[in-house]
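Report on one structure; see the data block that follows.
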Amino acid sequence: MTASPGLQAEDRPDFERALHQALRTAEIREALGRSGSSGGTDIQRLRSQALVESEAIATAAAPEYAAYLRQRAAAAAAASTALGPSAAAVSAAPTASAVRAAPFTTAGGRGLLPALAVLTPALAGASAAAFLLLGGLLRLSGSQRETADALLTAGLTSATIAAVTLTAGMVCLVVTAVRHRSSPPDRQPRPHRRPHAHPHPHPHPHPHPHPHPHPPSGSQPPYVWRRDDAAVATARDAWLRALLHRGILPFLRERLKMSHTLSRTSQKSEKGST
């Protein structure tokens, strides 16, 4: 035999509302009036006693409360299932952005070669001009012939490098241009649009006065929750009715009876003492 579920913290406000409703019923008000204690102090005393014994009172409606908890758990599971594709799409977003960023990184690495192809001939040509100029001036002055020969050799080497790299850059440029000309970009043919002319109207128009309802995009969870919320609300109402009629009201009647008995006993004892 399974134990009855204890009253959960999120359901205590419902218990307090049911208790407030029970204390406002005509039966409890009349019982308080017959006992001569219809003031707010006695109502607060009954409320405090019921709150202290809330777990024991709730056991009177344990089957309905267990059914309510099952419906609520099923609704939560259905909501998490409905939100699954959205969560998967959100988790896949960083991966997609990383994939989109990859071509830019590769393109950045490819852009380094054209920059070197442009800078290398320019730097080599400038170095060649400087070395040849200095070497020629030193040879004309007739001093430091070894330094002049070294500068001239370095100038010729730089000029050779500039010529080779410039030739290679021009060849690459020509090859790239030829490739682009030989492979034109794909162009999809645009569909030919006909003018909206209807010389012969359709004999059977379809106005669709009552279209089939479709849930809007991204609104699937509310549509799932509408059905589940109705079941949860029904189970909650059944639990609250059982709690009120089988738990709270019998508890209040018993406490009022005990209070009335104690009051009569105390009155008899006072009369006997006098």
Joint hydrophobic cluster, [X] plus [Y], side-chain heavy atoms closer than 4.5 Å:
{"X": "Leu133", "Y": "Leu123", "value": "no"}
{"X": "Leu51", "Y": "Leu240", "value": "yes"}
{"X": "Leu166", "Y": "Leu132", "value": "no"}
{"X": "Leu152", "Y": "Ile161", "value": "no"}

Does any part of the side chain of [Y], heavy atoms only, come nearer than 4.5 Å to the side chain of [X], both counted from C-beta?
{"X": "Gln71", "Y": "Arg236", "result": "no"}
{"X": "Asp42", "Y": "Arg45", "result": "yes"}
{"X": "Arg255", "Y": "Met258", "result": "yes"}
{"X": "Ile28", "Y": "Ile43", "result": "no"}
{"X": "Leu7", "Y": "Ile57", "result": "no"}

Problem - Partner of Tyr68 under side-chain hydrogen bond (donor to acceptor under 3.5 Å, both in side chains), chosen from Arg70, Glu64, Arg72 - result: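 Passing option: Arg72.
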Can you tell me how far [atom2] of [Y] sits from [atom1] of [X], rounded to the nearest 0.5 angstrom?
{"X": "Leu19", "Y": "Leu243", "atom1": "CG", "atom2": "CG", "answer": "9.0 Å"}
{"X": "Tyr65", "Y": "Thr59", "atom1": "OH", "atom2": "OG1", "answer": "12.5 Å"}
{"X": "Glu30", "Y": "Leu256", "atom1": "CD", "atom2": "CG", "answer": "12.0 Å"}
{"X": "Leu134", "Y": "Thr147", "atom1": "CG", "atom2": "OG1", "answer": "11.0 Å"}

Taking all non-hydrogen atoms of both residues into account, name the closest pair between [X] and [Y] and its distance.
{"X": "Leu249", "Y": "His245", "result": "CD1-ND1, 4.0 Å"}
{"X": "Ala162", "Y": "Gly125", "result": "CB-N, 3.6 Å"}
{"X": "Gly155", "Y": "Ala128", "result": "O-CB, 3.2 Å"}
{"X": "Leu252", "Y": "Ala22", "result": "CD1-CB, 3.9 Å"}
{"X": "Asp14", "Y": "Trp239", "result": "CB-CZ3, 3.9 Å"}
{"X": "Pro250", "Y": "Leu244", "result": "CD-O, 4.1 Å"}

Practice task
Could you give me the CA-CA distance, side-chain angles and deciding distance for His20 and Ile248, then say whether side-chain contact (heavy atoms from CB on, under 4.5 Å) is met?
Solution key: CA-CA 10 Å; His20 180 72; Ile248 297 177; over 6 Å; no
Problem - Crowding at CD, Glu10 (>12 non-hydrogen neighbours, <6.0 Å) - result: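 Result for CD/Glu10: enclosed.
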